[in-house]
Amino acid sequence: MGKIAQDNEIDLAVALLMGGGLVSFPTETVYGLGGNALSDNAVADIYAAKGRPSFNPLIVHVSSIDTAKKYVQWDERAQILAEKFWPGSLTMVLPRKADCELSLLASAGMDSVAIRIPAHPLALALLEKSGLPLAAPSANKSGRISPTCAQHVTDEFDDELMVLDGGQCPVGIESTIVDLTATPATILRHGKIISEDLEKYIEIGEYNSDVIKASGMLKSHYAPNASLRLDADKVEEGEALLAFGKPLSGVGIIENLSESENMEEAAANLFRMLRLLDAVKPKAIAVMKIPNHGLGIAINDRLQRAAAPRE
Ligand code: TXA
Ligand code: MG
């Protein structure tokens with residue numbers, strides 16, 4: 001068992017998080033790699049650190065039901081489950097509120113947020129002292145298994161990442177995820193809290209992996225209404241431009257992912273800028289070529305999905 005973090009370490013972690021940095025912290029399930037969920041830049045750093053080839057939405061951690069209600073559309077089912085299972089290893093997927101301040105990148109551009117109150121004193125201390133919602137996926141590199149002690153995290157990440165040591169995670173598997181964006185609710189990921197536990201309080205739709213996967217795929221791929229034209233080297237009449245680097249000339253409506261061709265800045269801006277351009281209802285959105293390395297791989301993955309023909 002590792003050494004348990006001291007007060008001064010918690011204060012340092014809080015300062016790092018408030019300054020936009022990342023901290024790995026224990027929850028009762030697994031260690032998370034946390035950053036300010038209000039900041040597109042902090043969230044982009046999380047994706048970069050994990051080395052994911054695509055954007056998978058992240059779980060947002062909060063310290064109270066009232067805070068959760070600031071960001072997501074609450075309903076009676078959410079209230080009952082929160083009262084019974086929070087703090088604890090149940091994550092609820094709920095629709096984002098119209099004025100939701102959470103980073104769209106944390107939602108991978110979708111209209112929903114996965115949210116929970118963790119049951120671990122160190123996680124709660126960070127949430128309460130920083131006053132921030134924290135986006136935190138499991139603190140492992142993409143494709144590796146989730147860490148259940150501080151050593152697992154330090155083994156995988158470089159020495160610069162601060163890891164708050166809270167010893168062994170008592171649950172040791174990731175939280176159960178229940179999707180409340182539809183009725184009946186469905187379980188998207190199984191964990192310590194099982195279907196029967198939830199069914200005491202709300203209706204859970206029959207588990208059908210094909211249907212869940214299919215609808216999950218559809219929902220996770222927010223596509224703009226406007227069609228996307230990738231690798232554009234000129235802009236057509238009526239098109240808006242999503243630029244990267246020096247913008248193409250002759251454009252009226254333009255958002256620039258990153259003038260300095262910084263991949264993390266581009267990732268941080270991606271979903272917000274797609275929505276801004278889409279809201280103008282252009283004939284199409286021309287997207288300049290984005291190099292396929294680092295976070296560029298995830299950005300291109302997302303753009304290709306958004307550009308794919310629809311039914
Ligand atoms: O126990 C846990 O949940 C840990 C600790 C750190 O809280 N976190 C964790 O995060 O396992 P992560 O990123 O490794 O897994 C999050 C899962 C992903 O499979 C993602 O697809 C799903 O949650 N998810 C996140 N937001 C979602 C959304 N809006 N709709 C559907 N699924 C979502
Ligand atoms: Mg994970």
Side-chain angles (χ1 to χ4, degrees), residues 22-35 37 43 46-47 49-63 68 71-73 78 85-97 100 102-120 122-124 126-127 133-150 152-153 156-157 163-164 166 169-182 185-193 209 212-222 271 298 301-302:
L22 305 186
V23 171
S24 176
F25 62 85
T27 78
E28 80 282 28
T29 58
V30 300
Y31 276 70
L33 179 62
V43 174
I46 294 175
Y47 286 110
K50 280 192 62 103
R52 285 195 64 92
S54 63
F55 296 120
N56 205 12
L58 309 180
I59 294 174
V60 174
H61 300 71
V62 293
S63 61
Y71 305 123
V72 291
Q73 290 172 36
F85 297 103
W86 282 1
S89 57
L90 180 70
T91 296
M92 296 197 263
V93 176
L94 289 159
R96 290 173 73 99
K97 273 188 160 176
C100 179
L102 297 172
S103 160
L104 258 180
L105 190 59
S107 290
M110 295 189 295
D111 291 319
S112 58
V113 177
I115 199 161
R116 78 179 187 104
I117 303 181
H120 193 290
L122 283 178
L124 289 170
L126 291 185
L127 291 164
L134 297 176
S138 50
N140 51 281
K141 296 270 186 183
S142 178
R144 306 293 304 274
I145 55 169
S146 296
T148 54
C149 67
H152 293 165
V153 185
E156 269 186 44
F157 291 87
V163 184
L164 271 189
C169 299
V171 175
I173 56 167
E174 299 92 337
S175 60
T176 304
I177 303 180
V178 61
D179 182 359
L180 295 179
T181 61
T186 50
I187 293 180
L188 300 182
R189 183 172 74 185
H190 293 270
K192 183 182 162 219
I193 294 168
S209 58
I212 289 171
K213 248 186 238 149
S215 60
M217 294 297 278
L218 285 179
K219 251 188 287 171
S220 66
H221 299 150
Y222 157 80
F271 294 111
D301 169 80
R302 194 63 192 72

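Each ligand, and each atom within it, is numbered from 1 in the order the structure gives. Index from 1, following the sequence.
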Return the minimal non-hydrogen interatomic distance between P57 and Y47, and the atom names on each side.
CA-OH, 3.9 Å

For ligand 1, which part of D179 has a heavy atom less than 4.0 Å away: the side chain, the backbone, both, or neither?
neither

Atom indices of ligand 1, in the order listed, that fall short of 4.0 Å to a heavy atom of H61
5 (C), 6 (C), 7 (O)

Got E156 and P147 here, is their nearest side-chain heavy-atom distance under 4.5 Å?
no

Should one rank S175, S107, P137 by closest heavy-atom distance to atom 3 (O) of ligand 1, which comes out on top?
S175

Hey, which atoms in ligand 1 end up nearer than 4.0 Å to a heavy atom of E174?
1 (O), 11 (O)

Residues R189 and S175: side-chain donor-acceptor under 3.5 angstrom
yes

How does P57 reach ligand 1, by side chain, by backbone, by both or by neither, if only non-hydrogen atoms under 4.0 Å count?
both

Checking a contact table here: which protein heavy atom is nearest atom 4 (C) of ligand 1, and how many Å away?
V30 CG2, 3.7 Å

Is there a side-chain contact between I46 and P137, using heavy atoms and a 4.5 Å cut-off?
yes

For K97, look at atom NZ and say whether over 12 heavy atoms of other residues, nucleotides or ligands are found less than 6.0 Å away.
yes

Restricting to under 2.8 Å, identify the protein N, O or S atoms around the Mg ion (ligand 2) as residue plus atom.
S138 OG

For ligand 1, which atoms sit closer than 4.0 Å to a heavy atom of R189?
2 (C), 3 (O), 9 (C), 11 (O), 15 (O), 16 (C), 17 (C)

What residue and heavy atom of the protein are closest to atom 30 (N) of ligand 1, and at what distance?
V93 CG1, 3.5 Å

I'd like to know whether F85 forms a side-chain contact (heavy atoms from CB on, under 4.5 Å) with T176, so could you lay out the CA-CA distance, the side-chain angles of the two residues, the decisive distance to 0.1 Å, and finally the verdict.
CA-CA 11 Å; F85 297 103; T176 304; over 6 Å; no

To check you understand the geometry: which heavy-atom pair defines the closest contact between T29 and S89, and what is its length?
CG2-CB, 3.3 Å

Numbered atoms of ligand 1 (with element) below 4.0 Å of S112, judged on heavy atoms:
28 (C), 29 (N), 30 (N)

Minimum-distance protein heavy atom relative to atom 28 (C) of ligand 1
M110 CE, 3.5 Å

Non-hydrogen atoms of P118 and H61 that approach each other most closely:
CG-CD2, 4.0 Å

Numbering as shown, the atoms of ligand 1 that approach I177 to under 4.0 Å (heavy-atom distance)
17 (C), 22 (C), 23 (O)

Provide the closest heavy-atom pair for A298 versus S54 in the form atom of the first, atom of the second, distance.
CB-CA, 3.7 Å

Got an N/O contact under 3.5 Å between R116 and ligand 1?
yes

Working note: V113 + Y71, criterion side-chain contact (heavy atoms from CB on, under 4.5 Å); need CA distance, chi angles, decisive distance, verdict.
CA-CA 8 Å; V113 177; Y71 305 123; 5.6 Å; no

Can you list the ligand 1 atoms lying under 4.0 Å from a non-hydrogen atom of T29?
1 (O), 2 (C), 4 (C), 5 (C)

For a quick test of reading the model, state the closest non-hydrogen atom pair linking A139 to L33 and the distance between them.
CB-N, 3.7 Å

For atom 18 (C) of ligand 1, what is the nearest protein heavy atom, given as residue, atom name and distance?
N56 ND2, 3.8 Å

Of the listed options (A136, P95, G32, P26), which comes nearest to atom 8 (N) of ligand 1 when hydrogens are ignored and any heavy atom counts?
A136

The test is side-chain contact (heavy atoms from CB on, under 4.5 Å); show your working for N140 and K50 and say whether it passes.
CA-CA 7 Å; N140 51 281; K50 280 192 62 103; 3.7 Å; yes

Atoms of ligand 1 under 4.0 Å from any heavy atom of S138, numbered from 1 in the order shown, are 8 (N), 9 (C), 10 (O), 12 (P), 14 (O)

After noting the C-alpha distance and the side-chain angles of W86 and I115, does the key distance pass the side-chain contact (heavy atoms from CB on, under 4.5 Å) rule?
CA-CA 11 Å; W86 282 1; I115 199 161; 3.9 Å; yes

Check each atom of ligand 1 against the heavy atoms of L188 and keep those under 4.0 Å away; list them by number with element.
31 (C), 32 (N)

Treating R116 as the side-chain partner and G88 as the backbone partner, does any N or O pair qualify as donor plus acceptor under 3.5 Å?
yes

